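Structure first, commentary second.
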Amino acid sequence: YFFTFLAGCIAICAMILPGISGSFILLLIGKYEYILNAVKDFKADVLGVFVVGCVLGIVSFAHLISWLFKKFPAQTLSLLTGFMVGSLNKLWPWKEVLETRINSAGELVPVIEKNVSPFTYAHITGENPLIFQVIFIAIVGFALVFIFEYLAGTKKDKML
């Protein structure tokens, strides 16, 4: 139970960090399948311990991040920006599959992929790379960030 509690604490911390997956952390520490089976079989004791670990982990980590922002704002922002930039490799939509495997459901899934340009992707796969749609969605994403920042600023001004 202690390791399940600790896994909950660690995995939930990854959820609030940009570019890091809580599921991936559970995979790394060997608890992903265990927690997934507990959900599937509804093992309330295991899930309860995991959830308590998640709650304690998120509260503690949120306080730590807040403290880091107060004490070391530039360094903390740089670290979080590094996490986001580092995760862009996984978000790149055009990939060439170099190696595959068959998963437990009998499906063929990629194991090793290489990022390629949209034009190379179109040449390799023969599929439309949807460049304009990707650019449009990126612009919408940027616009939403700026809109939320603007709204947060106007709300803050009204509170003062």
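Quick caveat, the model's predicted, so the values are computed rather than measured.
- For the atom pair CE of Met15 and OG of Ser23, the computed distance is 5.5 Å after rounding to the nearest 0.5 Å.
- In Phe5, the CZ atom is crowded: over 12 heavy atoms of neighbouring residues, nucleotides or ligands sit closer than 6.0 Å.
- Hydrophobic clustering of Ile, Leu, Val, Met, Phe, Trp and Tyr side chains at less than 4.5 Å, counting indirect connections, unites Ile58 with Phe24.
- Identified under the side-chain hydrogen bond (donor to acceptor under 3.5 Å, both in side chains) test for residues 59-80, with sequence neighbours left out: none.
- Among all heavy-atom pairs drawn from Tyr121 and Asn128, the shortest one is CE2-O, 4.5 Å.
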- Task: Starting from the C-alpha separation in whole Å, work towards a yes-or-no answer on side chain to side chain contact (heavy atoms under 4.5 Å, CB included) for Tyr34 and Thr4.
- Result: CA-CA 9 Å; Tyr34 179 74; Thr4 301; 3.4 Å; yes
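- In this structure, OH on Tyr32 lies 8.5 Å from CG on Leu26, to the nearest 0.5 angstrom.
- Nearest heavy-atom pair, Trp92 versus Val116, reported as atom, atom and distance to 0.1 Å: NE1-O, 2.8 Å.
- Between atom CG of residue Leu79 and atom CE of residue Met84 there is a gap of 10.0 Å, rounded to the nearest 0.5 Å.
- If you take CZ on Phe142 and CZ on Phe146, they are separated by 7.5 Å, rounding to the nearest 0.5 Å.
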- Message: Run the side chain to side chain contact (heavy atoms under 4.5 Å, CB included) test on Leu88 and Leu91 for me, step by step, so that the C-alpha distance in whole Å, both residues' side-chain angles and the decisive distance to 0.1 Å come before the verdict.
- Response: CA-CA 5 Å; Leu88 289 177; Leu91 296 174; 4.1 Å; yes
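- Under the 4.5 Å side-chain contact rule for hydrophobic residues, Val97 and Phe119 do not share a cluster.
- Shown are Leu108, Ile112, Val109; of these, the side-chain contact (heavy atoms from CB on, under 4.5 Å) with Thr100 is made only by Leu108.
- The nearest pair of heavy atoms linking Gly53 to Cys9 is O-SG, 3.1 Å.
- Atom CG of Leu68 is separated from atom CZ of Phe61 by 8.0 Å, given to the nearest 0.5 angstrom.
- Note: the hydrophobic cluster containing Val51 does not contain Leu6 (ILVMFWY, side chain heavy atoms under 4.5 Å, direct or indirect links).
- Taking each heavy atom of Lys95 and Asn89 in turn, the nearest pair found is NZ-O, 2.7 Å.
- Closest approach of Ala7 to Ile29, counting heavy atoms only: CB-CD1, 3.6 Å.
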- Task: List the steps and the verdict of side chain to side chain contact (heavy atoms under 4.5 Å, CB included) for Phe69 and Leu80.
- Result: CA-CA 11 Å; Phe69 265 119; Leu80 295 177; 3.6 Å; yes
- Message: Using the rule given for side chain to side chain contact (heavy atoms under 4.5 Å, CB included), can you reason through Ile12 versus Ile16, listing the C-alpha separation, both sets of side-chain angles and the distance that settles it, and then say yes or no?
- Response: CA-CA 7 Å; Ile12 199 69; Ile16 63 172; 5.9 Å; no
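- Residues Val55 and Tyr1 are members of separate hydrophobic clusters, defined by side-chain heavy-atom contacts under 4.5 angstrom among Ile, Leu, Val, Met, Phe, Trp and Tyr.
- The hydrophobic clustering, which links ILVMFWY residues whose side-chain heavy atoms are closer than 4.5 Å, places Phe148 and Val140 together.
- Between Pro129 and Val134 the shortest heavy-atom distance is O-CG2, 4.4 Å.
- Asn103 places a side-chain N or O within 3.5 Å of a backbone atom of Ala105 that can act as its donor or acceptor partner.
- Glu33 contributes atom CD, which lies 8.5 Å from atom NZ of Lys40 (distance to the nearest 0.5 angstrom).
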